[in-house]
Amino acid sequence: MSEFESEFERGLFALRQEKLDAIAALGQQRYPNQYRATHTIPQLRQAFDPLTAEQLNGTPEQPAPRIEVSIAGRIMAIRAQGKAGFATLQQNGQRLQIYVRQDAVGEDGYALYKLLDMGDHIGVSGYLFRTRTGELTIHVEKLTFLSKAMLAMPEKYHGLADVELRYRQRYVDLFANLDSREVFVKRARILRAIRSFFDARDYLEVETPMMQPIAGGAAARPFATHHNALDMDLYLRIAPELYLKRLVVGGLDRVYEINRNFRNEGISTQHNPEFTMLEFYQAYANYHDLMDLTEQLIAQVAKEVNGTTVVEFNGHTIDLANWQRLTMREAVLRACPQAQQATGRQLYELFEQHVEHTLIQPTIIYDYPTEVSPLSKAKPDDPEHVERFEFFIGGFEVGNAFSELNDPVEQRRRFQDQLAAREAGDDEAHQMDEDYVRALSYGLPPTGGEGIGIDRLTMLLTGSRSIRDVILFPLLRRQDKSAQDEGGATA
RNA sequence: GAGCUCGUAGCUCAGUCGGUAGAGCAACGCACUUUUAAUGCGUGGGUCCUGGGUUCGAUUCCCAGCGAGCUCACCA
């Protein structure tokens with residue numbers, strides 16, 4: 001580390017370096033390469049939290065047999081009192097207290113203890129007991145130094161509160177704010193629950209290109225890049241949709257993909273330029289089947305992750321097992337009764353403007369205007385509308401699904417309409433994908449497909465108001481000090 | 001992209017109706033062998049985001065910039 005934020009940090013770093021020398025002088029390695037513990041802290045707590053003080057400590061007349069254990073962790077609190085002291089170690093989001101006294105660890109051992117700082121990693125072995133306030137504690141017999149914190153920990157009571165620092169230095173946020181850690185643990189559980197849901201239904205998990213010559217499958221502006229050896233312009237994908245349907249043509253009747261999409265658009269509490277999308281396709285299913293599947297999926301994931309389908313979000317209590325279904329027309333007319341004569345696109349705009357943010361409880365909105373749905377199959381009795389639905393929870397869209405358009409002639413016509421829109425200035429209109437039309441020409445069975453925003457689902461299931469709270473490293477402007485100075489000089 | 005708000009010690013925050021700043025934690029020293037936001041005594045630590053303007057004097061007022069948060073727009 002060559003740059004410091006301040007003289008304070010430079011001084012602290014140098015001081016910690018001296019402490020490392022002193023620790024090495026006591027016979028410890030500065031950066032040992034392993035430590036064998038008998039338990040992780042969560043394992044140990046689970047096993048021994050139930051034991052009472054009497055079971056652990058025994059009585060003065062009859063001491064209990066000692067339970068010898070060893071653990072490793074980061075020091076999150078340390079208190080010395082002369083020739084003894086307590087410290088709290090943290091590992092995997094849980095904490096355990098240790099008690100170190102000179103007559104138990106020896107003079108060198110206690111000298112090492114006095115050289116420890118908040119944030120250091122250590123390993124300890126000893127026996128379990130409960131203090132007189134009842135806290136499960138390791139009575140340390142041997143201290144092993146593992147790694148030094150060369151920089152200051154955040155304030156121990158408030159943690160790291162600065163939102164920007166929490167995003168930029170997530171490594172600090174994660175160990176300093178256990179709530180933050182918990183969000184990402186839950187996110188992993190959400191992904192696991194989704195995978196087991198689809199695996200149990202005979203879906204195949206697949207991966208399709210992130211770099212695509214034509215960015216298709218959604219209306220959005222892509223990021224552009226270039227492959228040098230092939231001298232080929234490529235786009236980061238805005239959706240996997242067209243590739244997944246090619247797979248269904250290929251006979252993979254049920255596929256799903258959980259992966260990143262990239263859209264070169266604005267950033268907000270609900271938008272990050274890269275975000276994680278679940279897309280799944282099921283041959284021989286239509287959008288009504290997907291509505292049922294969606295309700296099952298969301299409720300089951302909630303139950304597996306939170307143990308309940310009820311979540312608190314943004315001041316609302318939401319039951320993810322209690323859904324309503326409305327056609328888009330019904331939903332709009334409820335809010336805007338004067339919109340009887342509105343065209344499809346107008347209806348859609350009214351919906352986005354007046355209805356979407358009011359849909360707090362889980363709601364499926366179905367039957368979309370054809371002109372805003374270039375990849376969806378029309379309703380058999382009504383070519384103005386397509387078999388498409390989106391679902392909304394907490395006031396925003398979480399998923400989008402439809403019966404897939406599988407008529408290559410009609411698909412080509414829709415693409416051409418989009419091209420016309422593009423030429424008229426709509427740079428988010430879909431591009432022509434000849435190979436996709438060719439794939440359809442080989443015969444796509446009737447298929448239902450759906451995309452679900454994993455980040456937004458995670459927001460709902462963790463009560464996070466901002467998408468940045470559920471993405472480990474959200475995109476922020478770079479902090480360039482020289483650029484800052486140049487910028488300042490222009491005035 | 002637009003509007004509003006914010007930027008003070010490593011962290012969490014006060015404060016200055018314009019006279020170059022404080023607390024707690026963290027750090028350093030001393031005391032303390034069952035503490036747990038340990039305690040007591042003492043010490044050090046700041047380009048008050050950056051640059052300009054107004055002023056005798058700016059961290060404070062004004063302008064511009066940088067970064068962030070919220071709202072809106074675009075979108076999922």
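Chain naming here is simple, since letters A, B, ... match the order of the sequence lines and numbering starts at 1 in each.
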If you measure from the C1' atom in B:U5 to the same atom in B:A37, how many Å do you get, rounded? 31 Å
Base, sugar-phosphate or nothing for A:G453? Non-hydrogen atoms, less than 4.0 Å. nothing
Side-chain heavy atoms of A:M153 within contact of A:F175, under 4.5 Å: yes
Which part of the nucleic acid does A:R95 contact within heavy-atom distance under 4.0 Å: base, sugar-phosphate only, or nothing? nothing
Distance test, side-chain N/O of A:K19 to OP1/OP2 of B:C28, below 4.0 Å: yes
With the threshold set at 4.0 Å, does a side-chain nitrogen-carboxylate oxygen contact exist between A:D417 and A:R422? no
Under 4.0 Å, heavy atoms only, any strand: does A:E397 hit a base, just the sugar-phosphate, or nothing? sugar-phosphate
Have a look at A:I452 and say if it touches a base, only the backbone sugar-phosphate, or nothing, with a 4.0 Å heavy-atom cut-off. nothing
When rounded to the nearest Å, what value does the distance between P atoms of B:C74 and B:A68 take? 23 Å
On RNA chain B, nearest-nucleotide positions of A:T137 versus A:M153: which is more 5'? A:M153
What is the nucleic acid contact for A:F396, judged by heavy atoms within less than 4.0 Å: base, sugar-phosphate only, or nothing? nothing
Aromatic centroids of A:H357 and A:F392 separated by under 6.0 Å: no
Would you tell me whether A:E279 and A:Y281 have side-chain atoms, one donor and one acceptor, within less than 3.5 Å of each other? yes
Can you find a side chain N or O atom of A:R101 that sits less than 4.0 Å from OP1 or OP2 on B:U34? no
Any side-chain heavy atom of A:E257 sitting closer than 4.5 Å to one from A:L244? yes
Taking atom C1' in both B:C63 and B:A76, compute the distance separating them and give it to the nearest angstrom. 39 Å
Need one value for A:N272: base, sugar-phosphate or nothing, where a base atom within 4.0 Å counts as base even if backbone is also close, heavy atoms only. base
Toward the 5' end of RNA chain B, by each residue's nearest nucleotide, A:P154 or A:R130: A:P154
Classify the nucleic acid contact of A:E428 as base, sugar-phosphate or nothing, counting any heavy atom under 4.0 Å across all strands shown. sugar-phosphate
Can the ring centroids of A:Y113 and A:Y110 be said to lie less than 6.0 angstrom from one another? yes
Taking the P atom of each, how far is B:C13 from B:G1, in whole Å? 29 Å
Paired to B:G22 by Watson-Crick or G-U wobble criteria (both distances under 3.5 Å) is B:C13
How about A:L89 and A:I138: do any of their side-chain heavy atoms sit closer than 4.5 Å? no
Just to be sure I understand the rule, does A:G451 reach a base, reach only the sugar-phosphate, or reach nothing, if contact means heavy atoms closer than 4.0 Å? nothing
Considering every strand and a 4.0 Å limit on heavy-atom distances, what is the contact class for A:R16: base, sugar-phosphate, or nothing? sugar-phosphate
Can you tell me how far P in B:C61 sits from the matching atom in B:G15, rounded to whole Å? 13 Å
Atom pair distance, as rounded to whole Å: OH in A:Y167 and P in B:G7: 19 Å
Shortest side-chain distance from A:E164, nucleotide among B:U33, B:G69, B:A68: B:A68
Can you check whether A:K156 has a side-chain N or O nearer than 4.0 Å to OP1 or OP2 of B:A26? yes
Name the closest nucleotide to the A:L160 side chain, picking from B:U35, B:C11, B:A68. B:C11
Minimum-distance nucleotide (side-chain atoms of A:S268 versus B:A73, B:G67, B:U35): B:A73
Nearest-angstrom distance, P atom, B:U59 to B:G18: 14 Å
Of B:A76, B:C70, B:U35, the nucleotide closest to the side chain of A:S466 is B:C70
With both distances kept under 3.5 Å, what pairs with B:G67, Watson-Crick or G-U wobble? B:C6
With rounding to the closest Å, how many angstrom separate the P atoms on B:U8 and B:C48? 11 Å
Within the structure shown, what part of the strands sits under 4.0 Å from A:T88 by heavy-atom distance: base, sugar-phosphate, or nothing? nothing
Counting any heavy atom closer than 4.0 Å, what does A:E155 reach on the DNA or RNA strands: base, sugar-phosphate only, or nothing? base
I'd like to know if the side chain of A:R187 pairs up with that of A:T276 as donor and acceptor (distance under 3.5 Å, no hydrogens or angles considered). yes
For A:F4 and B:A27, what is the distance between atoms CZ and P respectively, to the nearest whole Å? 17 Å
Of the nucleotides B:G67, B:C74, B:U34, which has the atom closest to the A:E265 side chain? B:C74
Identified pairing partner of B:G1, criterion: Watson-Crick or G-U wobble below 3.5 Å: B:C72
Value in whole Å for how far the C1' atom of B:G29 lies from NZ of A:K114: 13 Å
Under a 3.5 Å cut-off for both contacts, is B:U59 paired Watson-Crick or G-U wobble with anything, and if yes, with which nucleotide? none
Ignoring hydrogens and angles, answer whether the base of B:U35 and the side-chain atoms of A:Q97 contain a donor-acceptor pair closer than 3.5 Å. yes
Complementary nucleotide of B:U43, counting Watson-Crick and G-U pairs under 3.5 Å: B:A27
Of the listed nucleotides (B:G45, B:G69, B:U34), which one gets closest to any side-chain atom of A:L476? B:G69
Integer-rounded Å distance: B:A76 P and A:I267 CD1: 16 Å
Hey, does the side chain of A:R79 come within less than 4.0 Å of B:U39's phosphate (OP1/OP2), counting only N and O? no
When you get a sec, tell me which of B:U34, B:U33, B:C28 is the closest nucleotide to the side chain of A:D117? B:C28
Compare side-chain N and O positions of A:R456 against OP1 and OP2 of B:A76 and report whether any pair is under 4.0 Å apart. no
To the nearest Å, how far apart are A:E257 CD and B:A76 C1'? 16 Å
I want to know whether A:F198 and A:F280 have ring centres closer than 6.0 Å. yes
B:G10, OP1 or OP2 - any side-chain N/O from A:S6 closer than 4.0 Å? yes
Within this structure, what is the CG-to-P distance between A:L165 and B:C49, rounded to whole angstrom? 15 Å
Is A:F275 stacked on the base of B:A76 when the test is centres under 5.5 angstrom and planes under 30 degrees? yes
Rounding to the closest angstrom, what is the interatomic distance between B:C4 and B:C11 at atom C1'? 28 Å
Quick one: are the ring centres of A:Y287 and A:F402 less than 6.0 Å apart? no
Counting the atoms with a prime plus P, OP1 and OP2 as sugar-phosphate, which does A:A239 contact under 4.0 Å by heavy atoms, base, sugar-phosphate, or nothing? nothing
Take atom OH of A:Y99 and atom C1' of B:C32, then tell me their distance rounded to the nearest Å. 12 Å
Between B:U12 atom P and A:D173 atom CG, what is the distance in whole Å? 11 Å
Over all strands shown, is A:D162 touching base, sugar-phosphate only, or nothing at heavy-atom distances under 4.0 angstrom? sugar-phosphate
When you check the phosphate oxygens OP1 and OP2 of B:C11, does a side-chain N or O of A:R166 lie under 4.0 Å from one of them? no
Picking from B:G67, B:A26, B:A76, which would you name as closest to the side chain of A:M118? B:A26
Under 4.0 Å, heavy atoms only, any strand: does A:A220 hit a base, just the sugar-phosphate, or nothing? nothing
